[in-house]
K.L.:
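Here's a structure for you.
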2 protein chains.
Amino acid sequence: MLKLTKKADYGLMALKYLAEHPETPALSAKDVADAYGIPPQLLAKVLQRLTKTGLLRSHAGMNGGYALARDAREISAFEVIHAIDGPFFITSCTKGTKSCELTPSCTIKEPLARVNETIAGVLKSISIHDLAEREHPAGKSGEHQGLVELTL
Amino acid sequence: MLKLTKKADYGLMALKYLAEHPETPALSAKDVADAYGIPPQLLAKVLQRLTKTGLLRSHAGMNGGYALARDAREISAFEVIHAIDGPFFITSCTKGTKSCELTPSCTIKEPLARVNETIAGVLKSISIHDLAEREHPAGKSGEHQGLVELTL
DNA sequence: AAATATCCGACTTCCCAGGTCCGATTTCAG
DNA sequence: CTGAAATCGGACCTGGGAAGTCGGATATTT
Ligand code: SF4
Ligand code: SF4
């Protein structure tokens with residue numbers, strides 16, 4: 001319930017790792033997987049997905065690997081989750097494929113849709129950079145802080 | 001991924017329904033279930049749970065049923081979800097029972113924990129009353145509006 | 001040509017959300 | 001005091017999706 005997919009989790013970790021190593025031209029899936037203990041093959045697929053949606057740039061062959069396609073602060077957590085897990089919906093009434101049977105009679109889907117928007121907003125306001133730049137003692141770059149509107 | 005449980009969903013619907021019928025002393029699980037097309041037995045268990053956590057007051061026997069234990073605006077969506085689905089966690093590292101294997105090496109659990117807090121905050125700021133009082137044209141009671149802080 | 005990568009689909013395993021069934025108990029009405 | 005209507009509580013079944021695995025094809029460097 002309301003739990004993040006591990007794949008998305010892994011995706012975030014990997015992106016953060018890449019963001020922390022801007023010097024290297026490319027890091028292989030195995031590199032990242034080893035760094036954290038993530039199943040390599042699984043991470044591989046996650047990264048492939050991220051590549052296909054344009055968040056990463058890949059390069060096959062020796063010394064190949066992945067690199068961020070854009071600046072770390074231009075990539076939001078929302079994009080990552082969306083890329084890996086597909087459309088973001090809190091409820092089961094996606095109106096896309098397998099909608100909830102009682103969508104017509106349901107009276108809370110509109111308010112919940114707004115909650116959905118709010119949470120999406122939270123995720124959109126978080127960038128990979130925000131995740132990465134944290135460890136560093138607590139210097140000048142001040143912590144990322146934002147306000148999210150909630151309107152029912 | 002990041003999806004609300006249907007049980008919680010049902011719970012919210014039921015509470016809203018109860019909030020909309022303050023006149024009646026008690027409504028049976030079947031009443032509510034019929035009103036929306038929810039599987040009665042399932043709704044029953046959800047309501048039982050809500051009763052056990054003190055959000056509802058139950059009364060067995062004929063003309064029995066459930067009623068809100070507190071005022072509708074004193075019951076948050078968060079409480080409902082927590083009551084039904086248990087502890088609220090975005091990630092799999094609950095440190096309770098089945099923690100994620102790579103918790104030690106993971107570097108994003110702290111930031112994600114803050115995201116978790118933020119989302120919990122959003123949910124806490126929503127009351128059953130907010131859900132219920134919506135239909136009514138759009139009168140004086142102005143829509144519920146709030147700001148949620150996000151600090152990484 | 002060999003080593004190192006990404007790429008991609010198919011496959012298996014396991015867990016749990018969603019739902020059902022049934023029996024026990026409480027309460028009230030006639 | 002008997003039966004109907006309700007809450008209780010547990011055990012149980014089932015489908016689908018998350019998590020992970022395998023194997024083969026392709027691209028790139030040395
Ligand atoms: S329709 Fe109502 S019940 Fe069905 S999923 Fe959307 S919100 Fe939950
Ligand atoms: S530890 Fe890191 S990876 Fe494991 S669940 Fe918590 S956040 Fe996701």
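Given the structure is predicted, the values throughout are model-derived calculations rather than measurements. In the text below, chain A, chain B and the rest are named by the order of the sequence lines, each starting its count at 1.
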K.L.:
Which ones in residues 76-85 of chain B lie close to DNA chain C, meaning a heavy atom under 4.0 Å from one of its atoms?
P.N.:
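Per residue number, the list is empty: none.
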
K.L.:
With sequence neighbours excluded, what pairs up with Arg73(B) under the salt bridge (Lys or Arg N to Asp or Glu O under 4.0 Å) test?
P.N.:
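With sequence neighbours excluded, Arg73(B) shows a salt bridge (Lys or Arg N to Asp or Glu O under 4.0 Å) to Asp71(B), given in chain and number order.
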
K.L.:
Starting at NZ of Lys30(A) and ending at C1' of dT4(C), how long is that distance when rounded to a whole Å?
P.N.:
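Taking atom C1' of dT4(C) as the reference, NZ of Lys30(A) is at 12 Å.
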
K.L.:
Whole Å only: how far is the CD atom of Gln48(B) from the P atom of dT25(C)?
P.N.:
15 Å

K.L.:
Got a sec, which pairs hit ring-ring contact (aromatic ring centres under 6.0 Å, His included) with one end in residues 47-71 of chain A, sequence neighbours left out?
P.N.:
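Of all non-adjacent pairs touching residues 47-71 of chain A, none passes ring-ring contact (aromatic ring centres under 6.0 Å, His included).
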
K.L.:
When the axes are fitted on five pairs at both termini, how much does the helix from dA1(C)-dT30(D) to dG30(C)-dC1(D) curve, in 10° steps?
P.N.:
10°

K.L.:
Heavy atoms under 4.0 Å, any strand shown: does Ala26(B) hit a base, just sugar-phosphate, or nothing?
P.N.:
nothing

K.L.:
Would you indicate, yes or no, if dC7(C) has its OP1 or OP2 atom less than 4.0 angstrom from a side-chain nitrogen or oxygen of Ser58(A)?
P.N.:
yes

K.L.:
Can you sort out the partners of Ala44(B) under side chain to side chain contact (heavy atoms under 4.5 Å, CB included), two or more places apart, ordered by chain and number?
P.N.:
Ala29(B), Gln48(B)

K.L.:
Both Met1(A) and Thr51(A) contact DNA chain C. Taking the nearest nucleotide for each, which residue is further toward the 5' end?
P.N.:
Thr51(A)

K.L.:
Between Glu20(A) and Lys16(A), does any side-chain N to carboxylate O distance fall below 4.0 Å?
P.N.:
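Salt bridge: yes.
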
K.L.:
Report the residues that fulfil side chain to side chain contact (heavy atoms under 4.5 Å, CB included) with Pro40(B), sequence neighbours left out, ordered by chain and then residue number.
P.N.:
Ala33(B)

K.L.:
In whole Å, what is the span from the NZ atom of Lys3(A) to the C1' atom of dA19(D)?
P.N.:
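My rounded result for the distance is 14 Å.
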
K.L.:
Can you sort out the partners of Lys124(B) under salt bridge (Lys or Arg N to Asp or Glu O under 4.0 Å), two or more places apart, ordered by chain and number?
P.N.:
none

K.L.:
Could you pull out all residues at least two apart from Lys109(B) that satisfy side chain to side chain contact (heavy atoms under 4.5 Å, CB included)?
P.N.:
Cys93(B), Thr103(B), Cys106(B)

K.L.:
Considering only nitrogen or oxygen atoms on both sides, find all protein atoms under 3.5 Å from nucleotides 20-24 of chain C and state each distance.
P.N.:
from    : atom 1 : to       : atom 2 : distance (Å)
dT20(C) : O4     : Lys45(B) : NZ     : 3.2

K.L.:
Test: salt bridge (Lys or Arg N to Asp or Glu O under 4.0 Å). Region: residues 42-62 of chain B. Which pairs qualify, not counting sequence neighbours?
P.N.:
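Every pair satisfying salt bridge (Lys or Arg N to Asp or Glu O under 4.0 Å) with a residue in residues 42-62 of chain B: there are none.
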
K.L.:
If you look only at pairs with a residue in residues 74-91 of chain A, which of them pass as a salt bridge (Lys or Arg N to Asp or Glu O under 4.0 Å), with sequence neighbours excluded?
P.N.:
Arg70(A)-Glu79(A)

K.L.:
Taking only N/O atoms, report every protein-nucleotides 28-30 of chain C pair under 3.5 Å with atom names and distance.
P.N.:
from    : atom 1 : to       : atom 2 : distance (Å)
dC28(C) : OP1    : His59(B) : NE2    : 3.2

K.L.:
Are Tyr10(A) and dA18(D) close enough that a side-chain N or O sits under 4.0 Å from OP1 or OP2?
P.N.:
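Answer no for this pair, as no side-chain N or O of Tyr10(A) is under 4.0 Å from OP1 or OP2.
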
